[in-house]
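Down below is the structure, laid out as structure tokens.
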Amino acid sequence: MHYIVEYEIAAILLSLAVLFSFFRKKLVNTRLTRVFFTLVMNVLLTASIDLFVIHLHERILVQHLWLDYLFNEIYYILITSFSLVFYDCIRTTLSGSIIRSKFKLIRYAVPITVAVICILSTPWTKMIFYFDEQMQFVKGWGYQIMYLVAAIYFLSALYKIILFRKEASASQRITVYFYITMCVISVVIQTINPKLIITGFVASVSTMMVFLALVNPTNYFDKETDVLNLSAFRDVFAQYQFRNRPFRIIGIQIIGIRNLIETIGLEKKTEILRLYTIKLKAACGKHSLYRVSGSRIYVFIPDDDKTEKRIVDNIHKIFEESILVGDFRISLTEHIAIYKYPDDSTALADTEDLIRSTLSSIYNEAPCTVIHVSQKVLEKKSRELQILQVMKKAVRRGDFYVVYQPIYSFEQNRFTTAEALVRLENDELGEVSPEEFIPIAEQNGMILQIGEFVFETVCRFVLHHKIWEKGIEYIHVNLSVIQCMQEKLADQLFKIMDLYNLDYRYINLEVTESAAIASSEVLMDNMNRLIERNMNFSLDDFGTGFSNTATLIKYPFHTIKLDKAMVWDAMHNKKAEIILKNTIEMVKMLNMEIVAEGAETPEQVEKLREMGVDFVQGYYYSRPISRDDFLKLLNDYTERRKKYD
């Protein structure tokens, strides 16, 4: 029989072209790339051996019959195993898992095992093929077993596509549908015309589609920096995880690159990233880089202290030097987090969270900071998420409430003002400290809602209880940094106070110096509008952070609140005492009132009185207390005053 082998030759050429593309770019060593390499080699060997077998058929001799049997068996094992490797390629792409269950492994291996046994026993059983007396090739009674095995794996691939249809891309689905359809067509064609050898060509075309849709090297590389990407990192992690051997990951966060966009533009930023990744490649040697986000890069290394130290030292040296980009000389810094497998975590998702959260937690630390990842970071993140979820429902459920801390006037010898403070208490979390939930609220935009709730609660309290009749001149209400940045802040506050028909003079707004600097012009405009309506402002926490006298000059503050740390230091440190005394004198000369926070002992109170402080706020007089307790305190104090008078 004269076979038409042109399609088989085309299959070889097409497979070689795919192999060339496969090796042209260095691929990350993952299970998928290894399975695909097996697939394309299967097609190449199958087509090559098929041509050789056809050549043997045409020149078969009795004395060489064993050779014909041998190569036919190899051919049929290869062509049958193609369906298994194709299924494995699809399964690995979609689920990414490695079969560990004994039951699944048996189910996975049984069909191909049965087929191989049938093929290898053929010289004696004539099950798959044999040569008749005229030395003609004849298909055996069990030839259909190979079709059955192929059908099992192709249908398994189809099942996987259906099972993961939401995760599978259109190209992945088309690849499976196309190949199964083409296999059926090729079998029908070859059954009708046995001389036309077309199955190898169909397999090679399908392999090319798998390469383009699933294994394309560009899927694993970051387009901007030409290093491996997050997908590659996850695949390689799975390989290390499967081997279950210790390894480490160096997480590198490049600091400062976000701030460059406005200065040098997005295009230059990409160039800078590319230059730094080139330097990092050299620093890490044979260990590949993985760019997992904008300015975050990971490196897998062995579980070895010397390797870690060498690479970390090399990375530090890179960031010690500036780089020239156009007319700009750029200097960036880095933070490094070290992860160890399996000590720190074993799951991929936990590992990613752990490294990312650790790097985020040290974002404001000094350059060149190196830290080992900590589960406490994840615990903190989990806690923050819990608090965020609670806060989203807190206003509606009444978990937020306002307490008041009285402020004592030395001149009037009584409580004349108080500071309103927000608190959060939840059945699930209990009482949550403001130091914990306020930063979370600021980061997630909820601080505006909380600020509005506090302001409205205070307005309602002031009006309902007519606190001016109890000697309270006004209530201090804190403004967050985000509130100070709102252009329509004054309008929002006017709207709430007008709703309760409240005199504006009963509210004093507290602003920190950092908030004033962050919202300079916007805050100034709002302050002027509010002061025109008889509201006053206090500068909170003076004595910490910037403590810049320029702030006192620029903004029309009515009151300065001295931070408790400044007060406490002055009680046992002569230099701090001198600074506090001179600060008080300076503020008094500017005709501003002074509130000293953190007074807790009689000695502190007396010393502050001697220094000329106007008001004192602290635990010596009262902790922050509920609305009812605050009213009771005022009533009791008034009654005592009457008896004393």
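- Between the side chain of His335 and the backbone N or O of Glu365 there is at least one donor-acceptor pair closer than 3.5 Å.
- Side-chain atoms of Tyr177 do not come within 3.5 Å of backbone N or O of Leu158 as any donor-acceptor pair.
- The main-chain N or O of Ile440 is found under 3.5 Å from a side-chain atom of Asn444 such that the two form a donor-acceptor pair.
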### Task
Given side chain to side chain contact (heavy atoms under 4.5 Å, CB included), test Ile74 with Tyr69 step by step and report yes or no.
CA-CA 9 Å; Ile74 294 172; Tyr69 268 106; over 6 Å; no
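- Under the 3.5 Å distance criterion, the side-chain polar atoms of Thr122 are matched with a main-chain donor or acceptor of Cys118.
- Considering all non-hydrogen atoms of both residues, Pro302 and Thr307 come closest at CD-CG2, 4.0 Å.
- Results of the side-chain contact (heavy atoms from CB on, under 4.5 Å) test with Thr225 over Asn229, Val227, Leu228 single out Val227 as the only residue that passes.
- Take Glu8 and apply the side chain to side chain donor-acceptor pair (under 3.5 Å) test, not counting sequence neighbours, and it matches no residue.
- Among the candidates Leu280, Ile315, Val312, the single residue satisfying the side-chain contact (heavy atoms from CB on, under 4.5 Å) test with Glu334 is Ile315.
- The pair Asp313-Lys309 meets the salt-bridge criterion, with a side-chain N (NZ, NE, NH1 or NH2) lying under 4.0 Å from an Asp/Glu carboxylate O.
- Remark: Glu352 CD to Ser357 OG distance equals 11.0 Å, nearest 0.5 Å.
- Listed for the Asn72 side chain is a donor-acceptor partner under 3.5 Å among the backbone atoms of Asp68.
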### Task
Start with the C-alpha gap between Thr346 and Tyr341, add the side-chain angles, then the distance that decides, and say whether side chain to side chain contact (heavy atoms under 4.5 Å, CB included) holds.
CA-CA 7 Å; Thr346 54; Tyr341 179 93; 4.0 Å; yes
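- Remark: side-chain polar atoms of Arg291 are paired, donor with acceptor, to backbone N or O of Gly294 under 3.5 angstrom.
- Between the Ser204 side chain and the Phe201 main chain, a donor and an acceptor come within less than 3.5 Å of each other.
- Tyr339 and Thr351 are linked by a side-chain donor-acceptor pair at a separation below 3.5 angstrom, with hydrogens and angles left out of the test.
- You'll find the side chain of Tyr75 reaches within 4.5 Å of the side chain of Thr46, heavy atoms only.
- Other residues, nucleotides and ligands contribute at most 12 non-hydrogen atoms within 6.0 Å of the CZ atom of Arg245.
- Between Ile338 and Ile336 the shortest side-chain heavy-atom distance falls below 4.5 Å.
- If you look at Phe52 and Phe71, their ring centroids are closer than 6.0 Å.
- Around OH of Tyr143, the count of heavy atoms belonging to other residues, nucleotides or ligands within 6.0 Å exceeds 12.
- Taking the side-chain contact (heavy atoms from CB on, under 4.5 Å) definition, one finds that Lys126 meets it with Tyr130, sequence neighbours left out.
- With Asn193 contributing its side chain and Ile189 its backbone, the two residues share no donor-acceptor pair below 3.5 Å.
- Looking only at distances, a side-chain donor or acceptor of Asn314 sits under 3.5 Å from a matching main-chain atom of Ala283.
- Two rings, from Phe237 and Phe247, have their centers less than 6.0 Å apart.
- His287 approaches Ile311 most closely through the heavy-atom pair CD2-CD1, 3.5 Å.
- Judged by distance alone, with hydrogens and angles left aside, the side-chain atoms of Arg274 form a donor-acceptor pair with the main-chain N or O of Glu224 at under 3.5 Å.
- Using a 4.5 Å cut-off on side-chain heavy atoms (C-beta onward), Gln241 and Pro342 make no contact.
- Under the 4.5 Å side-chain criterion, counting only non-hydrogen atoms from C-beta, Leu348 is in contact with Phe233.
- There is a side-chain donor-acceptor pair under 3.5 Å between Ser295 and Gln253.
- With contacts defined as side-chain heavy-atom distances shorter than 4.5 Å, the pair Phe300/Tyr290 qualifies.
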